[in-house]
Amino acid sequence: MLSSKKELYNLLSDIENKVNENIRRNAQENLENDNLDIYEQENLENENLEFALENLTKGSIRKNEKNNKINENIKRNRKETKKHKTIEELRKEIFSDNSIKESYDRIKNELPINTMFDFMDGTKVRLTHPYSFSNRRNKSEYEGKSQSSRNNIQQPNQQYHSKYFHNSHFTDQKQTIDHNYNMDDNTNNSKNGEIGKNQNKLDTNRNDDFNNIFSNIHKRKIYTSSEDTLNCNSKTSIKNDINFSSFNNKTKLKTNENVVNKNKSQIRSKDIERLQQKIKEFLFEIKIFLMLVLFRFYNSIALKTFFVADEYWQSIEVAHNFVFEYGYLTWEWKEKIRSFSYPLLFIFPYMILKHFNLDNTDLLIYFPRIVHVFIAALCDLYTYKLTKKYFGRNAAKWALFCSMLSWSNWNILVRTISNSIETSLTVMALYYWPLKKTKDNNIPIKDLMISLSLAAIACFFRPTNGIVWIFLGINLLIQYRKSLKSLINIIYHVLIVFVMALIITIGIDKLYFNEWVISPWNFVKFNIIENISIFYGYNSWYWYFSIGLPFIGYTFLAFMIPGVITSNFHILFYLLLWTVCVYSNFVHKEYRFIYPIVPIIFFYSGHCLDLISKYDKKIKSYIRKIIWKCVALLVLTNIPLGFYIANVHQRGVIDATNYLRKEIRHHDDADGILYLMPCHSTPFYSYIHKNITLDFLTCEPPIGEKNMQSYKSEEDFFYEDPKYFLFNHYSHTIGNTTIEYPTDGKYETLQDIPRKKWPNYIIFFDNIYDDIKFIFKNSNYKEVKRYFNSNFNTPKRRGNIIIYSNIENINDKEHL
């Protein structure tokens, strides 16, 4: 008895390997032997084979002259004397090895009995142990590497029969049953392990003849299907097809039908899988978008600071003036260099508030921001989608993480400023733009049209966004330069979108200005050709590389650069360089002008972080993982800065405006506010929301002036000498007292300028307090509020914000 089941399995595996080696060697000899007989067997008629098959099936072989002649011809024409070995001969050869015989004698009584397979001497065994036929390499060498051979390789723990020898050397009961042949006699002979040795040479064993015939038929099929193996000409293949048509026609038809049906089902299943995957991905993106909407909504209400004047004066101030029919418009709208397309977005929120009489609540401030909540969420979503399209989902998740964590996105993306929607539209258009050439050399027209439409809308709001699309358009033409049809398609669709965009823009501006205006052209004319923008500041050519780009990219640049180096997709990096270089040629620079390239920074940063996270899979310790250190670096550098910019820096102007809004609404007799601070330093009528006099120091550029360097605005005159400016522009009586101005010669003559009345509220930075405090001496104007604004700022905006008023009993409580 064997000591353990493991020993049993080891012995059985040893037997199987040795037996299989003998079987393969014998099958190879038979195959070589049969290759020599193929040409002689071609002369056999279908009738002879069918006749032999019929006799075998009935259980007897008729010894007639025709069979004798066939066997004699085969015997006479055989080039080699090698014959197929019978089961008895094969068994003797295998058991000539004493080690196999000894092992087999020890193991056969331990094997579980089953009717699945006859193993040499008739013992029925079921080969189900985990080591059964484990040597796959030998089988693959013999069977070849064709698809059909690979499909016939069964899995472990299943009975294995090679299709090349299972009919020749074993009585496989399952196969004989499937072919509906009555093999009872032959099966019994196989089980007994004995075959009549003294029979006549022509009266061979039925089982041997039967297996030899089907083996030859099977090898003939192999011969006719493989020219490389047997080197057969086409005529031989045709004869084989004819000779065996009676055996194969129905099978081939059924096989072809099964193959066609299988292919159709596979195609159908793949289509269903694709559809399911698209639906699953769409639902996942919907969940991401809803999450981003909630995130950006909180971002919107969390902003408490002032960013730039255009956040109010080029957007909600214009919309407020259009809906409520009072307000103030800057010189850009008087000169018609801005399109009404962007303020149009805020018309509907204001109209809803006006219709339901909700415009006197805080919804007046927060409701227009809802528009940018969705715009910002789309920017985050398409940053994710763009990265997933070219770098995969994992990189896309990291890019989304960067977009949500970025201090610049937190501070700018939800503000009512045109640069924000320009950025969102740009990244959306980049997602649909054919950045890579298609394999079939055809333009994806649908995606191209979507991208061009989004780019056109972006140019509605910011004509300078065309810088991005000039580069991408030239690159697209270069990609398809060898295909005239593709070039014509590109130019044709670009012209269609351009004409439609121009018509829509002119139509919107005609509705607002009540005259035909091409505002994008006026924008380019004033800011680029006439260079009016230099009036608002001058910067060196390298400012974007030294300050602008590092400021908005911040610590993400440390991951963007490795992401560019390690990727094979550089077109967006070239777009970033192109945009920064072109903007560097403009004398007036602000970092918000290059804000549309920020998603590209997150695009490559996400790729870099993805590579780091994959590398960290090899590291088991969480403490040693590099990705957590990278995340910590980004979190510790962006969250504090984002919090400071959104809640501390330049907070005072917003706090002061909110205070004045409530005071003006509470005191009906309040007649106005004077802002003695740089122009456009605070929101205006869009926050105060009362038709009273709001006066500020203007800073209109020198339009039509030849000598721009000597030109001074009202703001410039005030900061040169605040006392003299007030002496000439405002009444000498303030409240219940007269202002005591200096008595030197400068103040003896007044300029021919209409003097204005002092309003109830005066607001200014305390950096000029020492220059103007004399006007409040002995008057009924008192300091009512002082707000912290910023720790550092431009010289004109330094210090706290101070509010003076002559209205008594100021109610400092919250009023609704």
Side-chain angles (χ1 to χ4, degrees), residues 274-304 342 345-346 348-349 352-353 358 362-363 365-432 447 450-451 453-454 457-458 461 556 595-596 598-603 605-606 609-610 613 631 634-635 638-639 642-643 646-647:
R274 290 193 200 98
L275 181 61
Q276 291 176 345
Q277 185 65 27
K278 287 182 179 180
I279 294 174
K280 184 178 179 181
E281 188 65 26
F282 175 75
L283 294 176
F284 179 71
E285 290 177 356
I286 290 294
K287 292 179 182 178
I288 292 179
F289 180 70
L290 294 177
M291 179 270 293
L292 291 171
V293 168
L294 294 176
F295 175 75
R296 291 304 176 188
F297 178 77
Y298 172 74
N299 183 188
S300 177
I301 62 177
L303 290 178
K304 305 295 183 183
Y342 179 60
L345 298 175
F346 308 103
F348 299 105
I352 293 173
L353 294 177
L358 297 173
D362 288 341
L363 289 176
I365 297 174
Y366 294 106
F367 201 46
R369 294 186 184 180
I370 299 298
V371 176
H372 269 267
V373 166
F374 289 93
I375 292 172
L378 285 173
C379 182
D380 292 327
L381 177 63
Y382 274 86
T383 300
Y384 165 85
K385 295 182 69 173
L386 178 65
T387 310
K388 186 184 73 171
K389 184 176 181 180
Y390 296 102
F391 291 140
R393 174 174 287 188
N394 290 332
K397 291 179 180 178
W398 284 112
L400 180 62
F401 168 77
C402 294
S403 182
M404 296 175 66
L405 184 64
S406 169
W407 79 267
S408 57
N409 274 3
W410 180 266
N411 183 52
I412 302 175
L413 207 54
V414 294
R415 294 186 184 271
T416 54
I417 186 171
S418 60
N419 303 96
S420 173
I421 192 170
E422 178 192 11
T423 303
S424 299
L425 291 170
T426 300
V427 70
M428 291 168 67
L430 286 175
Y431 171 75
Y432 293 104
D447 287 349
I450 295 174
S451 181
S453 300
L454 293 170
I457 298 173
F461 305 143
F556 295 102
Y595 187 58
V598 169
I600 300 177
I601 299 176
F602 304 145
F603 175 81
S605 297
L609 292 171
D610 178 43
S613 64
V631 170
L634 293 174
V635 169
N638 279 272
I639 289 181
F643 177 83
N647 295 274

message = So Pro349 and Val371, do their side chains get closer than 4.5 Å, heavy atoms only?
response = yes
message = Any heavy-atom pair between the side chains of Glu422 and Asn419 that's under 4.5 Å?
response = yes
task = To the nearest 0.5 angstrom, please state how far the CZ atom of Arg274 sits from the NZ atom of Lys278.
result = 8.0 Å
key: Any side-chain heavy-atom pair of His372 and Ser300 under 4.5 Å   = no
task = Take Tyr384 and Met404 through the side chain to side chain contact (heavy atoms under 4.5 Å, CB included) test and state the conclusion after the steps.
result = CA-CA 11 Å; Tyr384 165 85; Met404 296 175 66; over 6 Å; no
query = Taking the six-membered ring of Tyr382, is NZ or CZ of Lys385 closer than 6.0 Å to its centre and within 45° of its axis?
reply = yes
task = Start with the C-alpha gap between Asp610 and Phe391, add the side-chain angles, then the distance that decides, and say whether side chain to side chain contact (heavy atoms under 4.5 Å, CB included) holds.
result = CA-CA 9 Å; Asp610 178 43; Phe391 291 140; 5.9 Å; no
request  = Please round to the nearest 0.5 Å and tell me the distance separating atom CG of Leu386 and atom CD1 of Ile600.
outcome  = 8.5 Å
task = Could you tell me the separation between the NZ atom of Lys287 and the CZ atom of Phe282, rounded to the nearest 0.5 Å?
result = 12.5 Å
key: Lys388/Glu285 ion pair, N-O < 4.0 Å   = yes
request  = Considering non-hydrogen atoms only, spot the tightest contact between Val427 and Pro599 and give its length.
outcome  = CG2-CB, 3.8 Å
request  = Supply the atom-to-atom distance Leu345 CG to Ile375 CD1, rounded to the nearest 0.5 angstrom.
outcome  = 5.5 Å
inquiry  = If you take the centroid of each ring, where Trp contributes its six-membered ring, are Trp407 and Phe556 closer together than 6.0 Å?
reply    = no
ask   = Does Thr383 offer a backbone N or O that forms a donor-acceptor pair with the side chain of Thr387 under 3.5 Å?
value = yes
task = Report yes if the side chains of Phe602 and Leu400 come closer than 4.5 Å at any heavy-atom pair, otherwise no.
result = no
Minimum side-chain heavy-atom gap Val631-Trp398 below 4.5 Å = yes
inquiry  = Would Tyr342 and Thr416 count as a side chain to side chain contact (heavy atoms under 4.5 Å, CB included) here? Give the steps.
reply    = CA-CA 10 Å; Tyr342 179 60; Thr416 54; 4.2 Å; yes
query = Of the non-hydrogen atoms in Val414 and Leu303, which two are nearest, and what is the gap between them?
reply = CG2-CD1, 3.4 Å
message = Against the six-membered ring of Tyr431, is Lys389 placed for a cation-pi contact (under 6.0 Å from the centre, within 45° of the normal)?
response = yes
ask   = Would you say Asn299's side chain and Trp410's backbone share a donor-acceptor pair under 3.5 angstrom?
value = yes
ask   = What is the distance from atom OG of Ser420 to atom CG of Leu425, rounded to the nearest 0.5 Å?
value = 9.5 Å
task = Apply the side chain to side chain donor-acceptor pair (under 3.5 Å) test between Tyr595 and each candidate in Thr423, Thr426, Asn409; give the one that qualifies.
result = Asn409
task = In sequence, state the C-alpha distance, the side-chain angles, and the governing distance for Arg415 and Asn411, and then conclude on side-chain hydrogen bond (donor to acceptor under 3.5 Å, both in side chains).
result = CA-CA 8 Å; Arg415 294 186 184 271; Asn411 183 52; 3.0 Å; yes
inquiry  = I need the Lys397 NZ to Leu609 CG distance, nearest 0.5 Å.
reply    = 14.0 Å
ask   = Is any side-chain heavy atom of Leu413 closer than 4.5 Å to a side-chain heavy atom of Asp380?
value = yes
key: Over 12 non-hydrogen atoms of neighbours within 6.0 angstrom of CZ in Phe643   = no
task = Could you pull out the closest heavy-atom pair between Leu353 and Leu363, with the gap in Å?
result = CD1-O, 3.6 Å
Over 12 foreign heavy atoms within 6.0 Å of CZ, Phe297 = no
ask   = Which pair of non-hydrogen atoms, one from Ile365 and one from Pro368, has the smallest distance, and what is that distance?
value = O-CD, 3.7 Å
inquiry  = Parallel, tilted or perpendicular, judged at 30° and 60°: which one describes the rings of Phe374 and Phe289?
reply    = tilted
task = Check whether any side-chain N or O of Ser605 sits under 3.5 Å from a backbone N or O of Ile601 as a donor-acceptor pair, and report yes or no.
result = yes
